[in-house]
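To keep things clear, I will list the structure first and then write my remarks on it.
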Amino acid sequence: MAFDSFSAFLAMEGHGPYVWTCYAVFVVLVAGMMIWSARRNRAVIEGCKRRFEQQQGTSGQDVRQKASATFTRVEVSQD
Amino acid sequence: MWQFFHKLGSPKWFYGIATRFMPWLLVAGLMLLLAGLVWGLAFAPKDYLQGNSYRIIFIHVPTAFLAQSMYIMMAAAGVVTLVWRMKLADVFVKAVAPVGLVFTFLSLFTGAVWGKPTWGTWWIWDARLTSMLILLFLYGGAIALDRAINDEKSAARAVAVLVLVGVVNIPIIKYSVEWWNTLHQPATLKLTEKPSMPTEMWVPLLLSILGLYLLFGWLACLRMKTEILVREQRTRWVKDMIMAGGR
């Protein structure tokens, strides 16, 4: 051990604020980036899943809806 | 070798490979980085000139190395984009640029905080610091340029050109401490010589560098996977994979 006590470890003979600020910013930014990226990855997967399930849910009409030139006959009274 | 390059053209292949490697990269990276940092913080002896503030080196050097490495990788990917039009190269650049930005910022920030007790100043316009600041702007510029152009392929090409034009900065950063009279000290770790540092200091430094490289590998894989999903979401393989509960 390079230090005699934990408080000496924190104080770092006066250089504590400099050293610990650097380590804190490093951990916050790197861990933050890792967590954020993982969450975004999850969100994209969930988004895709939801869309695919929606498409499957209406799969009966799915083929018809895909065709762009499908006209649905609408009954309009002529009087 | 050629087959590998050919496979790399398939985002689906890369997606599978990345998923397989990621857990190893994360665990090994965290273990090495933690080992290096704990050793450097608590067990390495203090510097006879700088005292304990030098312990910032275990963060400063890995982030600086990676910031430069990443840029070189992005430049290589830029060449692949321009010459071979490979999608995965575009994906790499887009995924990795923000990581490079953060690591460059960290290296500048930790350098500034280390500089205050060591040199008496947070900043000086010497060659090393100035060229690292330019690297920060290059990363920022690449990100901004990509966002500014709507068409994916045009954006990738424009960013590739920007990154390649900026790559001249990398040898400037590296040799700045030899070519100019800088406040920043010359290289301690060299490929061909013994480090001018005692073993108890350069071993934890090496562990931290390796650990951060592996963590970067994990992060790059993750971010590239996300980017691939976004680009390929309308394809059959993505649909099949996600509906099968894939990650």
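Values in this document were obtained by computation on a predicted structure and should not be read as measured data. Letters A, B, ... mirror the listed sequences (proteins, then strands); counts begin at 1.
In this structure, chain A has heavy atoms under 4.5 Å from both the backbone and the side chain of B:Leu41. For B:Ile242, the parts lying under 4.5 angstrom from a heavy atom of chain A are both the backbone and the side chain. Only the side chain of B:Leu33 has a heavy atom closer than 4.5 Å to any heavy atom of chain A. Neither the backbone nor the side chain of A:Ala43 has a heavy atom closer than 4.5 Å to any heavy atom of chain B. Looking at B:Gln50, the atoms closer than 4.5 Å to chain A (heavy atoms on both sides) all sit in the backbone: N, CA, C or O. There is no contact between B:Tyr54 and chain A, counting heavy-atom distances below 4.5 Å. Neither the backbone nor the side chain of B:Ala112 comes within less than 4.5 Å of any heavy atom in chain A. With a threshold of 4.5 angstrom between heavy atoms, B:Arg223 approaches chain A through side-chain atoms but not through N, CA, C or O. With a 4.5 Å cut-off on non-hydrogen atoms, B:Trp39 does not touch chain A at all. Of the two parts of B:Leu219, only the side chain, counted from C-beta on, holds a non-hydrogen atom closer than 4.5 Å to a non-hydrogen atom of chain A.
Counting all heavy atoms, side chain and backbone alike, B:Leu37 lies closest to A:Phe26 at CD1-CE2, 4.2 Å. Across all non-hydrogen atoms, the minimal contact from A:Phe52 to B:Met243 is CB-SD, 3.6 Å. Taking each heavy atom of B:Leu215 and A:Met34 in turn, the nearest pair found is CD2-CE, 3.9 Å.
Contact count against chain A (heavy-atom pairs under 4.5 Å) is highest for B:Ser53 among B:Ala44, B:Ser53, B:Ala95.
Neither side chain, B:Thr226 nor A:Arg40, offers a donor N or O lying under 3.5 Å from an acceptor on the other.
With contacts defined as side-chain heavy-atom distances shorter than 4.5 Å, the pair A:Val25/B:Phe109 qualifies. Using a 4.5 Å cut-off on side-chain heavy atoms (C-beta onward), B:Arg55 and A:His15 make no contact.
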- Item | Step-by-step side chain to side chain contact (heavy atoms under 4.5 Å, CB included) determination, B:Phe103 to A:Met33 | CA-CA 11 Å; B:Phe103 278 22; A:Met33 203 171 31; 3.7 Å; yes

